[in-house]
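Worksheet: the structure to be examined is printed underneath.
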Amino acid sequence: MALAIVAAPTMATADDPASNSGPASVSEIVVTAQKLDVARAAIEPSLGASTYSMSSETVLTLPGGENTALSQVLLQAPGVVQDSFGQLHIRGDHGNIQYRINNVILPEGLSAFGQVLSPRLADKTELITGAVPAQYGITTAGIVNITTKSGVYTPGGEVSVYGGSHGEFEPRVEYGGSSGSTNYFVSGSYLRDDLGIESPDGSANPLHDHTDQLQGFIFLDHIIDSASRISFMFGTSDESFQIPNGHGLNAADPGGLGLTAQGVSSFPSEDLDERQRENTQFGAVSYLHTTQRTTVQLSVYSRYSTLTFTPSGLGDLLFDGLSQNASKSDLATGIQAEGVYDLTPTHTLRGGVIVQVDRSVSNTTSQVLPVDAVGAQTSDLPETIVDDASKNELEASVYLEDEWKPIDNVTLNYGLRFDQVNAYRDENQFSPRVNLVWTPLSGMTLHAGYARYFTPPPFELVAGETLAKFTGTTGASAITQDDLPRSERDNYYDVGAEQKLGHFTLGVDGYWRDATNLIDEGQFGAPIIQTPFNYAEGRIRGVEFSSTYAHGPFSAWANFSISKAQGKDIVSSQFNFSQQELAYIANNFIYLDHNQTYTASGGASYKIGDLKLSTDVLYGSGLRSDEPLAGGGDIPNGDHVPGYVQVNLAANYHLTLGKAGPLDLRLDIINVGDEAYEIRDGTGVGVGAPQWGPRRGFFAGVTKSF
């Protein structure tokens, strides 16, 4: 954990030969690029927040390296909890994670299983959390800021092939360089795997779980002069998934729905054939200009994503009473204008305006069976219900803050943010923020902060079916109330300390948060996407401990966190829940389904010549599940699945082949002990099918640099 203060950059002056003409040599290009990078970073420092930073070299050391998903990399940060479908929970939040690339916002999109961003494009990855400054808003549980690789610093490329267990095969290529004042970086990869989604039954090789994934990324950066540059980035992701099947179930089994469709009532679970495809494109253009006292950056960004769910026809109808083709799309485009101004030697002002428009479209065609008033089937002939919807959203934000250094070892950063959202509801809020950072002794940093947060529900996930259309069918809900989700409003407090002792760095951070209209998400309905809902009240508390050690060829890290996240009274999207759940939660605080009381991560690496050995460990005390009661019924989220420990190993060997150049070999073992552990058991508020962690897998890769 780092609580660094980023000082305002020193800019070119009249004595700087690069200030009066364009870059004339490679060295001048590098120096100018570094200076502009510092200027960009100074616009949005994480003053007083908790920042966990991982370089590309650190990621390469982890088991799986850059071949692993970004979500798996972030699990090594304190307070990050793993869930199924690659989801992450930071400090008790379900989602609420904002992704940025080079400080440019990447809007939320439609994605359930896919990882749109890869560690391969990152030179550095930062996770910022806590009481964050005013420049960060709307989604605030964690800000993941990726600084992309750049050809001006590390020209050249590499070709890699990686694969192993579960039929995994993953070739990739990347290349970066510069031409004159323009530098570039491109990356592309393909993945095929027979473990696309977590196993629903704990088997090492789940049935019907294949995935194919294509990803690409381009970054261009042109230095106009020593004080200005323009950047362009574009990314694409096209991913298809089979939905894995359980074994040994049948729609006609006792305890099932007992339905008959077109004369058929028996259907084995092994024959189900559900599929989901997720496609995303994103891009941004940014212009940066800096002077001795002022830096401004103007960015225009966009993201378009689609999600298509194809059901298993008759099988879904018999198992679930609903077979639904769903096609959803979302287009978000925004403008982000931000800047920093050195008002005096002790006051640095920052401000910005962000405006984003969003259009979400949901088209569904459902097959259902007719039932009478008591739910008894009246015909075996399916009925078709078409339900199409679309909606627009406008988000507008403005903020202003002052970084004040009253004395050399104290920094006070205070600001005010205003957010306006017009979508399913018209809502707004003024949000004050204040952070104090004090370095009383050499190597010691103390911080305390308060932030008022305003978080609208994920717009692209709200649009859904019209309940009235399903009345009198197997697709109807027993609950007809469907209040629209509301924006969450929080009071967030954070205190922490960091101490450097020689080669050790130790940190502790405590936080507490009181929420009104706490946003949670659940997996409801046919498409495997999350749907938001609100608890009227929320209370979240936690503490995190972190430590790192680095000396010579050996490095190690360890993190441990304790968290308690609870909510009371569901006040939106009520039709997704049973009457018993609604009644109990209306009068009792319950644990949020994604709460994990104890979470730990750690690892170590040791270099012996050209060989580097490493390991990492994940521990979780278990996500929530329902607690059965002796007299019948259960307490929602009253229990948790068993805890787990997953240990991974890696070995990397670097070869130098003379004129042929370097060659890197790696061997990874995931879940060395082959521990079979549940991430979800299928019970809990808003929880879908069971999911299990990965079983033991062996993987190898070879990378040729050029």
Side-chain angles (χ1 to χ4, degrees), residues 81 83-84 87 89-96 141 424-425 427 453 455-458 461-462 464-465 467 476-492 512-525 529-542 563-597 621-641 679-691:
V81 174
D83 200 346
S84 54
Q87 297 177 88
H89 308 300
I90 299 174
R91 291 192 168 187
D93 252 306
H94 186 280
N96 198 17
Y424 292 92
R425 295 178 182 271
E427 300 175 289
Y453 285 151
T455 304
L461 303 182
V462 174
E465 292 77 27
L467 294 181
S477 172
I479 305 297
T480 58
Q481 187 175 2
D482 182 21
D483 292 331
L484 291 171
R486 299 168 169 84
S487 293
E488 180 179 327
R489 303 170 191 268
D490 297 338
N491 290 306
Y492 195 111
W512 59 99
R513 171 174 142 223
D514 294 319
T516 301
N517 294 324
L518 173 70
I519 295 174
D520 200 352
E521 297 176 27
Q523 199 274 297
F524 309 107
I529 61 174
Q530 301 293 311
T531 301
F533 62 94
N534 296 97
Y535 292 93
E537 301 176 65
R539 55 190 187 193
I540 298 173
R541 311 286 189 266
S563 176
K564 184 177 183 180
Q566 295 180 307
K568 178 182 179 182
D569 192 12
I570 294 175
V571 292
S572 65
S573 304
Q574 295 92 334
F575 73 98
N576 289 306
F577 306 92
S578 69
Q579 184 59 55
Q580 292 78 10
E581 286 178 320
L582 292 175
Y584 183 89
I585 300 170
N587 298 299
N588 299 276
F589 273 97
I590 66 165
Y591 284 96
L592 305 186
D593 70 280
H594 53 268
N595 180 84
Q596 183 164 265
T597 304
S621 60
L623 299 177
R624 308 305 300 186
S625 61
D626 290 341
E627 178 184 359
L629 297 175
D634 51 50
I635 298 176
N637 298 342
D639 201 353
H640 63 84
V641 298
I679 300 175
R680 296 286 194 181
D681 70 355
T683 70
V685 178
V687 176
Q691 290 96 28

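Quick note: numbers below take in every heavy atom, side chains included, and nothing from hydrogens, waters or symmetry partners.
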side-chain contact (heavy atoms from CB on, under 4.5 Å) between Asp93 and Arg513, worked out: CA-CA 11 Å; Asp93 252 306; Arg513 171 174 142 223; 3.1 Å; yes

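- Between Leu629 and Ile635 the shortest side-chain heavy-atom distance falls below 4.5 Å.
- In this structure the side chain of Ser573 reaches within 4.5 angstrom of the side chain of Pro485, judged on heavy atoms.
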Chi angles and distances behind the side-chain contact (heavy atoms from CB on, under 4.5 Å) call for Ile519, Asn96: CA-CA 9 Å; Ile519 295 174; Asn96 198 17; over 6 Å; no

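- Between Ile585 and Ile590, the shortest heavy-atom contact is CD1-CD1, 3.6 Å.
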Working for side-chain contact (heavy atoms from CB on, under 4.5 Å), residues Glu537 and Arg539: CA-CA 7 Å; Glu537 301 176 65; Arg539 55 190 187 193; over 6 Å; no

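- By the 4.5 Å heavy-atom criterion applied to side chains, Glu581 and Val685 are counted as neighbours.
- With rounding to the nearest 0.5 angstrom, the OG1 atom of Thr531 is 8.0 Å from the CD atom of Glu521.
- Leu518 CG to Asp569 CG: the interatomic distance, rounded to the nearest 0.5 Å, is 12.0 Å.
- The minimum heavy-atom distance between Phe575 and Ser477, with the atom names listed, is O-OG, 2.7 Å.
- Nearest heavy atom pair, residue His94 against residue His89, reads O-ND1, 2.7 Å.
- With ring centers used as reference points, Tyr535 lies under 6.0 Å from Phe533.
- Using modelled atom types, no side-chain atom of His640 and backbone atom of Ser625 make a donor-acceptor pair closer than 3.5 Å.
- Judged by distance alone, the side chain of Asn534 and the main-chain N or O of Arg486 form a donor-acceptor pair under 3.5 Å.
- The minimum heavy-atom distance linking Ala583 with Asn587 is given by the pair O-ND2, 3.4 Å.
- Checked against side chain to side chain donor-acceptor pair (under 3.5 Å), Asp681 has the following partners two or more places apart in sequence or in another chain: Thr683.
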Asp83 and Gln596: CA distance, side-chain angles, deciding distance, side-chain contact (heavy atoms from CB on, under 4.5 Å) verdict: CA-CA 10 Å; Asp83 200 346; Gln596 183 164 265; over 6 Å; no

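- At distances below 3.5 Å, not a single donor-acceptor pair connects side-chain atoms of Arg680 with backbone N or O atoms of Leu623.
- Of all the heavy atoms in Asp520 and Asp593, the pair that sits closest is OD2-OD1, 3.2 Å.
- Of all the heavy atoms in Arg624 and Asp639, the pair that sits closest is NE-O, 3.1 Å.
- A distance-only check finds a donor-acceptor pair linking the side chain of Gln691 to the backbone of Ala689 [under 3.5 Å].
- In this structure, the side chain of Asn637 engages the main chain of Tyr591 through a donor-acceptor pair within 3.5 Å.
- With hydrogens and angles disregarded, no donor-acceptor distance shorter than 3.5 Å links the side chain of Ser563 to the backbone of Ile540.
- Remark: side-chain polar atoms of Asn595 are paired, donor with acceptor, to backbone N or O of Ala565 under 3.5 angstrom.
- With values rounded to the nearest 0.5 angstrom, Ile479 atom CD1 is found 7.5 Å from Ser578 atom OG.
- At distances below 3.5 Å, not a single donor-acceptor pair connects side-chain atoms of Arg425 with backbone N or O atoms of Ser487.
- When each of Lys568, Arg489, Arg541 is checked for a salt bridge (Lys or Arg N to Asp or Glu O under 4.0 Å) with Asp514, only Arg541 meets the rule.
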